[in-house]
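In this text the structure is predicted, and so the values were computed from the model without any measurement.
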Amino acid sequence: MIDHIIWDWNGTLLNDVEFGLQLANWLLRQYHLPEMPDLAAYHRKFTFPIRDYYRAIGLGDDIFPEAAVKWMNKYMAEEHVCPLQPGALEVTRLFQEKGMRQVIISASKLSNLKKQLEERPYFDFFDPPRGLGDIYAGSKMDIALDWMKNSGAKNDSTLLIGDTLHDREVAQAIGCRCILVSGGHQSLNTLESSGAVVAKNLRDAARIAGSLE
C-alpha cells in the first residue's frame with residue numbers, strides 16, 4: 001500500500017513548461033543563437049542534467065555557468081506568472097486525506113524552491129522540501145536517497161511522481177515505484193518510450209496510484 005509520495009516540482013506540480021520555453025528563447029537571443037519554434041522542439045531538446053540541455057540548444061560548457069545565472073535570475077523574477085498544473089491541489093489533498101506523507105524533491109536550488117512554495121502556500125502539509133545547493137540542476141538522486149534514509153519510508157510503499165526521465169532514474173535508484181505525468185518538460189512519446197508507467201495528467205496519476213494500493 002502506498003503511504004509516501006515523492007513529488008517533483010517543475011513541470012509536475014508547477015506548470016512552468018511554456019514559461020521555460022519563453023525563457024530559453026530569451027536566453028538564446030542573448031547569445032545570437034537560433035530559437036526553438038515551439039514546445040515540440042523544446043521537448044526534443046530538454047534533458048537532465050541541465051548542462052546537457054544547454055549543450056543541446058547551443059550553449060556550451062564555456063558559457064554554461066554565465067548563461068545559467070542569467071536564466072535563473074529572470075526565472076525567479078518572473079515565475080510568479082506560472083500556475084499550478086491542473087489537478088495539483090485536488091490530488092495532493094486527496095493523498096493527504098488518505099494519510100499519505102508527501103514531500104517535494106527537486107533539482108532546483110533549495111532557497112529558490114522554498115521561495116516559490118512560500119508564494120504558493122498550498123502544500124504546507126508536506127514534509128519540508130528538498131533541493132540542491134546550487135542553480136545548475138544536476139541530479140537530485142543523492143537528496144532523494146537521503147530523504148528515504150531519514151524519513152522511514154519503505155521502498156515498496158513509496159511512489160515518485162514526476163515529468164521527466166530523470167525522475168524515473170531517481171525512482172530506480174531509490175527502489176520505489178514511479179508514475180511519469182505527461183504535460184511537463186518532456187514529451188509523452190519520450191516518457192512512454194522509456195517503458196515507465198505514464199499518466200496523461202495528475203488526476204490520471206491519482207487513479208493509477210490507487211490501483212497500486
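The two residues E78 and K74 come nearest to each other via the heavy atoms OE2-NZ, 2.8 Å. Between A67 and L59, the shortest heavy-atom distance links the atoms CB-CD1, 4.4 Å. The two residues L28 and I57 come nearest to each other via the heavy atoms CD2-O, 3.3 Å. Contact record, A107 with F48: CB-CE2, 3.9 Å, taken as the closest heavy-atom pair. Counting all heavy atoms, side chain and backbone alike, S151 lies closest to H4 at O-NE2, 4.5 Å. The two residues I143 and S106 make their nearest non-hydrogen contact at CD1-O, 3.5 Å.
With hydrogens and angles ignored, the 3.5 Å screen pairs no side-chain donor or acceptor of Q186 with any backbone N or O of L191. A donor-acceptor pair under 3.5 Å links the side-chain atoms of N155 to the main chain of I174, judged by distance alone. Between the Q85 side chain and the L202 main chain, no donor and acceptor come within less than 3.5 Å of each other. Listed for the T92 side chain is a donor-acceptor partner under 3.5 Å among the backbone atoms of L89.
Taking CH2 of W147 as the start and CZ of R130 as the end, the distance is 8.5 Å to the nearest 0.5 Å. Between the CD atom in E169 and the CE atom in M141 there is a gap of 5.5 Å [rounded to 0.5 Å]. How far OG1 of T158 is from CE of M100: 11.0 Å, rounded to the nearest 0.5 Å. Here the straight-line distance linking atom CD1 of I104 with atom CG of L14 works out to 9.5 Å at 0.5 Å rounding. Taking NZ from K154 and CD1 from I2, the interatomic distance works out to 14.5 Å, rounded to the nearest 0.5 Å. In this structure, R177 CZ and I161 CD1 are separated by 12.5 Å, a value rounded to the nearest 0.5 Å.
Judged by distance alone, the side chains of Y75 and N112 never bring a donor and an acceptor atom under 3.5 Å apart. A donor and an acceptor atom, one from each side chain of D3 and S157, are located under 3.5 Å apart.
Between W7 and F126, the two ring planes are parallel [angle under 30°; tilted spans 30° to 60°].
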Query raised in the report: Does the pair M76 and S111 meet the rule for a side chain to side chain contact (heavy atoms under 4.5 Å, CB included), with working shown?
Result: CA-CA 11 Å; M76 289 305 297; S111 59; over 6 Å; no
Requested in this report: Could you please spell out the steps behind the salt bridge (charged side-chain N to carboxylate O under 4.0 Å, His left out) verdict for E119 and K115?
Outcome: CA-CA 6 Å; E119 293 171 350; K115 181 177 183 295; 2.7 Å; yes
Query - Chi angles and distances behind the side chain to side chain contact (heavy atoms under 4.5 Å, CB included) call for W26, K70 - result: CA-CA 10 Å; W26 168 83; K70 287 184 178 182; 4.3 Å; yes
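Linking Ile, Leu, Val, Met, Phe, Trp and Tyr residues whenever their side-chain heavy atoms come within less than 4.5 Å leaves F46 and L165 in two separate clusters. A single hydrophobic cluster is seen to contain both F19 and L84, as judged by linkage of ILVMFWY side chains at heavy-atom distances under 4.5 Å, directly or through other members. Under a hydrophobic clustering in which Ile, Leu, Val, Met, Phe, Trp and Tyr are joined whenever their side-chain heavy atoms come within less than 4.5 Å, directly or via other members, L113 and I50 fall into the same cluster. Side-chain heavy atoms closer than 4.5 Å link hydrophobic residues (I, L, V, M, F, W, Y) into clusters, and following such links, possibly through other members, connects W9 to F95. The hydrophobic clustering, which links ILVMFWY residues whose side-chain heavy atoms are closer than 4.5 Å, places V198 and I208 apart.
Here the side chains of P129 and L117 are in contact, with some heavy-atom distance below 4.5 Å. For the pair R55/F64, no side-chain contact is recorded, criterion being any heavy-atom separation below 4.5 Å from C-beta on. Looking at H43 and T190, their side chains never come closer than 4.5 Å, going by heavy atoms from C-beta outward. In this structure, the side chains of Y42 and V17 come closer than 4.5 Å at one or more pairs of heavy atoms. Between P86 and R203 the shortest side-chain heavy-atom distance falls below 4.5 Å.
Of the charged side-chain nitrogens involved, at least one lies within less than 4.0 Å of a carboxylate oxygen, so that D8 and K140 count as a salt-bridged pair. Salt bridge D146/K149: absent, no basic N to carboxylate O contact under 4.0 Å.
H185 pairs with exactly one of D16, T164, D163, N10 by the side-chain hydrogen bond (donor to acceptor under 3.5 Å, both in side chains) rule, that one being D16.
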